[in-house]
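Only a predicted model underlies this, so the values are computations on that prediction, with no experimental measurement involved. In this chain, residues are counted from 1 in sequence order.
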Amino acid sequence: MPGGRGRGIVRRVTTTGAGLVGMLAVGAVAAFGSTGATLLPPAPAPADQVQQVTVEPGPEVTVCPGPARLTDPETVGDAQFGPAPVGTTSSLRAVLQGGGSAELGAFDGAAPQGIDRAQDADATVATIEGPADGAVLTVRPEPGDAPRVAASVGSVTTAGDLRGLAAASCSRPGISQWLVGGSTEIGSSTQLVLQNPGLTPAVVQVDVWGQGGEAVLSGGGQQLVGPGEEVVTLVEAAAPEQRRLVVHVAASGGLVSAYLQHSVLDGLVPLGVDYVVPGAEPAQDLVLAGVASVGEAVDDPHAPQLRLLAPGGEAGTARVTVYGEDGTVPLRGVEDVALTPGVVTDVSLGGLPAGSYAVAVHADVPVVAGASVDRRGEVDPDLLHEERQYDRAWVAARPLTPASVPVDEDGPVGEDGARAGQVALVPGTSSSLTIAAVPTAGAAEGDDATGRLELRVRAYDEDGAEAGATTVTLTAGTTRTLDPSTLRPEGSDATVAAVTVDVVGTGGALRPAWSVAVSAGPPSGDDGDGTPSLVSVLLPVDDAPVPDEIAVRASATAGIGP
């Protein structure tokens with residue numbers, strides 16, 4: 001198992017909605033006292049007794065979703081039901097920059113495998129075909145080093161009920177995760193997957209919201225996830241008939257990773273499968289990058305959709321701004337979106353010209369947000385009416401925070417927040433990078449967003465060498481679409497395995513927002529440019545802070561006083 005923990009048996013548990021029952025952990029607190037005693041704060045230690053002690057950095061743990069899977073036939077009452085005429089091809093890619101050691105384990109009980117770090121390359125790239133039911137990447141950085149770690153998984157199914165590309169960047173486990181997307185209406189299936197890579201059990205509280213407010217779950221929505229365990233729950237069994245879905249996962253006792261697998265059928269016609277990954281915590285200012293349109297009308301059911309939820313107790317209003325290559329794109333119906341507390345709202349983004357956009361949400365109450373994008377596929381000749389197939393991708397929101405501190409373009413990237421993240425590209429897919437310079441809330445509200453944002457985009461090949469780089473300059477409120485393969489030198493056929501983005505210059509209150517759309521499968525056959533018909537969106541992975549040194553002061557009494 002990851003981190004060399006040596007667990008011999010790892011379980012994967014599948015439950016229905018009635019199984020959302022767990023146990024409540026109760027801690028005990030010991031108190032002490034003494035009658036008539038006076039406790040005084042210890043005298044401060046002399047300055048010469050304060051020492052700087054180097055702290056060994058803890059392991060950087062990243063957890064990946066498992067391959068896309070059909071709903072367990074035994075839980076739906078028909079063990080012979082398995083509408084998958086073709087197999088699912090799955091792969092994983094991890095990219096590491098910095099010193100230290102790394103290993104890759106799995107939730108299926110397999111022993112972790114070490115990843116050999118490249119000596120002379122700029123990065124280390126590891127590619128694995130056919131990952132198990134979830135993977136755990138563990139990196140132990142060297143003291144003082146802040147490694148850049150990114151991994152992604154992808155599952156491609158070209159026919160059957162699971163037709164689609166389900167891909168996601170692997171993420172760090174946490175205590176609170178918001179999953180904005182999915183549905184449990186007829187024809188939709190949403191699986192909640194909880195993964196615990198730690199050594200202690202985690203008690204997980206699951207809350208679900210739909211178009212009618214917060215759903216009532218049996219057992220209060222509690223779930224116990226043991227160490228090294230993956231638990232899969234059918235959300236439609238716990239909260240059926242929800243056209244719009246938001247799920248919150250809160251863990252205690254241990255850190256967990258969570259995601260939804262959402263698949264849709266219209267009768268016999270597959271309409272896509274994808275992962276819904278954690279997005280930003282409730283905030284008043286959010287941004288989503290990579291929301292694509294092919295020019296759908298407002299009333300087109302396959303137009304991009306923005307999903308919003310104000311989970312608190314106050315009603316509010318959200319103002320939605322769409323940014324394109326030339327700046328703000330006017331769109332009716334999104335200027336003032338009414339938010340009813342606890343009610344999930346979908347807003348159509350139909351009416352946009354063809355292109356890839358960044359969408360900013362400014363609300364007067366904390367909200368969570370996500371977006372869905374449908375891509376038209378080929379006609380299914382096996383159906384009587386030759387109906388059109390689609391694939392769906394879900395995009396999670398990121399917080400819209402103040403702009404990063406600029407750094408020297410030609411110098412090393414510092415530890416001042418100038419890094420804008422990295423993405424490991426899914427093997428066997430093509431990629432399109434969407435970058436935006438989004439004004440922060442104050443500048444956007446005053447319509448005085450100015451300045452420009454300079455971003456350094458670097459591509460790395462499968463050997464870990466830098467395959468190419470470019471500086472992208474964006475004015476306020478504009479986007480740029482970039483094919484990472486075009487960063488390679490002329491004549492190079494190296495496979496681009498990863499992309500990093502760094503802020504190298506900024507003016508004004510601008511925030512970089514970006515994502516990578518990955519495509520696979522056969523072309524739809526009617527768009528003329530050969531665009532693959534399966535799509536998913538990868539979010540960048542931010543760097544984790546690594547402690548270096550702390551100050552230690554000698555004290556005669558520990559734990560008492562200031």
### Task
Would you confirm whether Trp514, through its side chain, and Ala420, through its main-chain N or O, come within 3.5 Å as a donor-acceptor pair?
yes

### Query
Do Val156 and Thr158 come within less than 4.5 Å of each other through their side chains, counting heavy atoms only?
yes

### Message
Show the nearest heavy-atom pair for residues Leu309 and Trp178, with the distance to one decimal.
### Response
CD2-CZ3, 4.3 Å

### Task
Measure across Leu286 and Pro399 and return the closest heavy-atom pair with its distance rounded to 0.1 Å.
CD2-CA, 4.1 Å

### Task
Give the intermediate values and the outcome of side chain to side chain contact (heavy atoms under 4.5 Å, CB included) for residues Val499 and Val457.
CA-CA 7 Å; Val499 175; Val457 182; 3.8 Å; yes

### Task
Give a yes or no answer on whether the side chain of Asp391 reaches the backbone of Val535 with a donor-acceptor pair at less than 3.5 Å.
yes

### Task
Please examine the side chains of Leu96 and Arg148, heavy atoms only from C-beta on, and report whether any two atoms are closer than 4.5 Å.
no

### Side-chain donor or acceptor of Asn196 paired with backbone N/O of Gly226 under 3.5 Å
yes

### Query
Just how far is it from atom CG of Leu482 to atom CD1 of Ile435, taken to the nearest 0.5 Å?
6.0 Å

### Query
Given side chains that start at C-beta, do those of Val537 and Val516 come closer than 4.5 Å, heavy atoms only?
no

### Query
Do Ser533 and Pro523 have side-chain heavy atoms sitting under 4.5 Å apart?
no

### Task
Would you please say whether a donor-acceptor pair under 3.5 Å links the side chains of Arg480 and Thr473?
no

### Message
Please tell me whether Ser169 and Ser152 have a donor and an acceptor in their side chains that are separated by less than 3.5 angstrom.
### Response
no

### Task
Answer yes or no: is there an ion pair linking Arg140 with Glu60, defined by an N-O contact shorter than 4.0 Å?
no

### Message
Using only atom types and a distance under 3.5 Å, with no angle test, would you say the side chain of Gln195 pairs donor to acceptor with the backbone of Cys64?
### Response
yes

### Query
Is it true that the side chains of His248 and Ser176 contain a donor and an acceptor less than 3.5 Å apart?
yes

### Any side-chain donor near an acceptor of the partner, Gln223 and Thr233, under 3.5 Å
yes

### Query
Do Arg307 and Val344 have side-chain heavy atoms sitting under 4.5 Å apart?
yes

### Query
What do the steps show when you test Leu510 against Thr440 for side chain to side chain contact (heavy atoms under 4.5 Å, CB included), and what is the final call?
CA-CA 6 Å; Leu510 302 179; Thr440 53; over 6 Å; no

#### Entry: Gln113 side chain near Glu103 side chain, heavy-atom distance below 4.5 Å
no

### Query
Hey, is Glu454 close enough to Arg456 for a salt bridge, meaning N to O under 4.0 Å?
no

### Message
Once rounded to the nearest 0.5 Å, what's the spacing between atom CG of Leu538 and atom CG of Leu425?
### Response
7.0 Å

### Task
Answer yes or no: is there a donor N or O on one side and an acceptor on the other, between the side chain of Ser492 and the main chain of Pro489, under 3.5 Å?
no

### Query
Does atom CG of Asp483 have more than 12 heavy-atom neighbours, drawn from other residues, nucleotides or ligands, at distances under 6.0 Å?
yes

### Message
So does Glu466 get a backbone contact from the side chain of Asp122, meaning a donor-acceptor N/O pair under 3.5 Å?
### Response
yes

### Query
Short question: side chain of Ser431, backbone of Val518 - any donor-acceptor pair under 3.5 Å?
no

### Query
So, the side chain of Arg488 versus the backbone of Ala494: is there a donor-acceptor pair under 3.5 Å, distance only?
yes

### Task
For Tyr390, enumerate each residue passing the ring pair (Phe, Tyr, Trp, His ring centres under 6.0 Å) test, keeping only those at least two apart in sequence or located in another chain.
His302

### Test item: Leu352 and Glu296 side chains (from C-beta on) under 4.5 Å apart, heavy atoms
no

### Query
Does any donor atom in the side chain of Asp374 or Gln305 lie under 3.5 Å from an acceptor atom in the other side chain?
no

### Message
One pair to check against side-chain hydrogen bond (donor to acceptor under 3.5 Å, both in side chains): Thr127 and Arg93. What are the steps and the verdict?
### Response
CA-CA 4 Å; Thr127 301; Arg93 178 175 279 153; 3.2 Å; yes

### Summary
Residues Leu474 and Ala436: closest non-hydrogen pair is CD1-C, 3.8 Å

### Message
I'd like to know if the side chain of Asp274 reaches the main chain of Trp394, judged simply by a donor and an acceptor atom lying under 3.5 Å from each other, with no hydrogens or angles considered.
### Response
yes

#### Entry: Qualifying residue, where the test is side chain to side chain contact (heavy atoms under 4.5 Å, CB included) with Val273 and the options are Gln261, Arg69, Arg163
Gln261

### Task
Output yes when Arg398 and Asp542 qualify as a salt bridge under the 4.0 Å nitrogen-oxygen rule, no when they do not.
yes

### Message
Apply side-chain hydrogen bond (donor to acceptor under 3.5 Å, both in side chains) to residues Glu325 and Tyr357 and explain how you reach the verdict.
### Response
CA-CA 8 Å; Glu325 288 190 355; Tyr357 300 89; over 6 Å; no

### Query
How are the rings of Tyr275 and Tyr259 set to each other: parallel, tilted or perpendicular (split at 30° and 60°)?
perpendicular

### Task
Give me the one residue out of Val139, Ile128, Thr138 that meets side chain to side chain contact (heavy atoms under 4.5 Å, CB included) with Leu104.
Ile128

### Query
Should Thr157 and Thr88 be marked as a side-chain hydrogen bond (donor to acceptor under 3.5 Å, both in side chains) after you check the CA-CA gap, both sets of side-chain angles, and the distance that decides it?
CA-CA 5 Å; Thr157 310; Thr88 296; 2.8 Å; yes

### Note, Val204 side chain near Val256 side chain (heavy atom, < 4.5 Å)
yes

### Check: Thr434 side chain, Ser356 main-chain N or O, donor-acceptor pair, under 3.5 Å
no

